[in-house]
There are 2 protein chains.
Amino acid sequence: MELTVSEENYLKAIYHLSEGGKKSVSTNDIAAEMKNKPASVSDMLRKLGEKEVIEYRKYYGLQITETGKRYALQTIRKHRLWEVFLVEKLNFAWDEVHEVAEQLEHIHSPLLIQRLDAYLNYPKFDPHGDPIPDEFGDVRSRPRVQLNEMEVNQTGQIVAVEDSTPAFLRYLDKVGAYIGARIKILDKVEFDGSVEILVDQKKTIFMSKDVACNILVIQS
Amino acid sequence: MELTVSEENYLKAIYHLSEGGKKSVSTNDIAAEMKNKPASVSDMLRKLGEKEVIEYRKYYGLQITETGKRYALQTIRKHRLWEVFLVEKLNFAWDEVHEVAEQLEHIHSPLLIQRLDAYLNYPKFDPHGDPIPDEFGDVRSRPRVQLNEMEVNQTGQIVAVEDSTPAFLRYLDKVGAYIGARIKILDKVEFDGSVEILVDQKKTIFMSKDVACNILVIQS
DNA sequence: ATTTATTTTTAGGATTGCCTAATATATTTT
DNA sequence: AAAATATATTAGGCAATCCTAAAAATAAAT
Ligand SMILES: [Mn+2]
Ligand SMILES: [Mn+2]
Ligand SMILES: [Mn+2]
Ligand SMILES: [Mn+2]
């Protein structure tokens with residue numbers, strides 16, 4: 001079965017919202033994520049239900065099916081592989097890739113993705129630290145914590161960001177936080193949740209809770 | 001102004017038909033090229049006229065405008081650059097690239113194309129020997145003749161093919177004709193226009209007129 | 001110069017994907 | 001439990017892109 005670009009985008013949004021811990025995904029949430037109106041979402045949910053990529057009962061809620069998950073993961077795989085390509089091969093900055101990958105993820109060609117994967121040397125993570133599903137849709141997820149939840153003196157390594165907007169990513173570039181950086185919590189301010197961290201045993205960075213909660217760390 | 005994918009495809013078809021020597025491009029020709037119906041073409045011509053990428057008078061004919069040419073050449077540039085990428089970097093065969101490039105040519109990102117061009121080392125020709133327009137839409141065209149129009153004992157170099165269908169390209173692979181090959185006409189059969197050529201002073205190939213007329217040569 | 005054939009356009013319809021406004025259902029408050 | 005609020009769906013519409021069938025314009029043949 002072939003999905004349209006719009007259907008692929010909806011399914012991806014639904015998958016992400018489902019994985020985000022929330023029990024049920026609401027029409028309003030999807031509308032917000034897709035930047036369109038709830039009425040449009042209702043239209044699309046009916047169609048996705050008919051195509052059996054979600055299980056949908058009006059007014060009750062929806063659940064993504066196994067088939068739907070496979071489609072979503074395939075699109076996510078393509079998105080993240082293209083992001084790696086743009087950064088590794090075309091020297092894009094990590095804050096410049098998302099919009100283009102959003103288009104490239106809809107190019108339909110199994111051969112293309114297989115070759116791209118090989119060309120990039122089968123990367124496991126995208127430039128934002130997000131895992132790249134394999135061709136069967138398997139994702140290797142690592143136990144990650146938000147930086148603001150760590151305690152003073154704990155150490156770890158930055159492995160991903162939860163916000164991929166250019167503004168946030170450029171800010172991280174500016175202060176010197178990057179994927180792969182080894183960090184240690186030097187201080188936490190009770191009052192506002194801001195933290196001070198040591199990066200690579202060299203540089204001290206002070207950041208607000210708003211920033212810290214979008215940085216994901218593997219503790220060590 | 002932004003063109004839709006469909007508009008870009010129509011404009012490309014119109015450009016190619018215009019360059020094909022024909023004085024005026026007919027609605028039927030466009031429909032054939034686009035593999036849809038003349039009625040649909042009429043719809044689109046009105047729209048392209050309103051956007052001033054063609055000059056269109058009902059029942060009379062149409063002419064692509066300078067603006068239209070720029071858009072068409074931009075799309076052609078993208079198509080051909082992607083074809084080079086697929087062959088040079090992802091090891092696609094030259095008969096496998098067209099369909100994918102047909103999709104990739106519509107990805108919208110000036111930065112992407114600029115970087116891709118640099119990454120490929122500013123190629124001047126695509127895998128089928130067609131010239132790649134520069135970022136300003138300038139095309140360096142070379143004087144080429146169809147192989148079947150050459151006389152016995154004349155020599156030259158294969159520089160392009162006029163047919164890019166997989167069946168034709170795979171046939172050329174099989175018999176050993178390729179872009180860049182130095183050739184000499186050994187014999188021509190008056191009766192059916194078939195020719196015998198010597199490739200790289202080594203191999204003799206016999207081909208029908210139907211094949212020969214789709215092979216373009218620079219004479220030397 | 002008519003008639004005939006071809007080409008092109010218009011009329012009307014389907015599908016996709018979005019919208020606003022109105023309605024229906026579910027949830028929360030009192 | 002009823003009323004108020006929040007959430008979700010339907011009704012009706014619009015734009016894009018395609019279609020078939022009918023009508024109009026042009027070109028070709030007699
Ligand atoms: Mn997308
Ligand atoms: Mn990413
Ligand atoms: Mn195309
Ligand atoms: Mn080509």
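Order of the sequence lines fixes the chain letters, A, B, ..., with proteins taken first and strands second; residue numbering starts at 1 for each chain. Computed from a predicted structure; not experimentally measured. In what follows, every heavy atom counts, from backbone to side chain, and hydrogens, waters and symmetry copies are set aside.
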At what distance, to the nearest 0.5 angstrom, does OH of A/Y15 lie from CD1 of A/I76?
-> 5.5 Å
Hey, which of these two, A/E7 or A/A39, hits DNA chain C nearer its 5' end, going by closest nucleotide?
-> A/E7
Distance, rounded to the nearest Å, where B/L45 contributes CG and D/dC18 contributes C1' = 14 Å
With under 30° as parallel and over 60° as perpendicular, where do the rings of A/Y119 and B/F85 fit, or are they tilted in between?
-> perpendicular
Rounded distance in Å - CG (A/L48) to P (D/dA8) | 16 Å
Mind telling me whether B/H128 and B/W94 have parallel, tilted or perpendicular rings, with 30° and 60° as the class edges?
-> parallel
Give every donor-acceptor pair under 3.5 Å between a side-chain atom in residues 209-216 of chain A and any protein atom, sequence neighbours left out.
{"residue": "A/N214", "atom": "ND2", "partner": "A/D210", "partner atom": "O", "Å": "3.1"}

Could you go through the side-chain hydrogen bond (donor to acceptor under 3.5 Å, both in side chains) check for A/Y10 and A/N36 one step at a time?
-> CA-CA 11 Å; A/Y10 269 97; A/N36 56 21; 3.0 Å; yes
Considering just the side-chain nitrogens and oxygens of B/S6, establish if one lies under 4.0 Å of OP1 or OP2 belonging to D/dA16.
-> no
Within the distance-only criterion (no hydrogens, no angle test), does the side chain of A/K124 pair as donor or acceptor with the backbone N or O of A/P133 below 3.5 angstrom?
-> no
Rounded interatomic separation in angstrom, taking CE from A/M34 and P from C/dT16 = 16 Å
Tell me whether the OP1 or OP2 atom of D/dA16 has a side-chain N or O from B/Y10 closer than 4.0 Å.
-> no
Side-chain-base donor-acceptor pair under 3.5 Å for A/N36 and C/dC19 | no
Using atom CZ of B/R57 as one end and atom P of D/dT26 as the other, report the distance to the nearest whole Å.
-> 11 Å
Tell me what B/S40 touches on the nucleic acid: a base, only sugar-phosphate, or nothing, going by heavy atoms under 4.0 Å.
-> base
Only counting residues at least two apart or in another chain, list the ones meeting side chain to side chain donor-acceptor pair (under 3.5 Å) with B/S24.
-> none
Provide a list of protein-nucleic acid N or O atom pairs under 3.5 angstrom, restricted to nucleotides 4-8 of chain C.
{"residue": "C/dT8", "atom": "OP2", "partner": "B/N28", "partner atom": "N", "Å": "3.0"}
{"residue": "C/dT8", "atom": "OP2", "partner": "B/N28", "partner atom": "ND2", "Å": "3.4"}

Calculate the interatomic distance between B/K51 atom NZ and D/dA16 atom P; express it in whole Å.
-> 8 Å
Distance, rounded to the nearest Å, where B/R46 contributes CZ and C/dT10 contributes P | 8 Å
Using whole Å, report how far CE of B/M44 lies from C1' of C/dT10.
-> 17 Å
Taking atom C1' of D/dA16 as reference, at what distance in whole Å does atom CG of B/N9 sit?
-> 14 Å
Ignoring backbone atoms, establish whether A/K37 has a side-chain N or O less than 4.0 Å from OP1 or OP2 of C/dT20.
-> yes
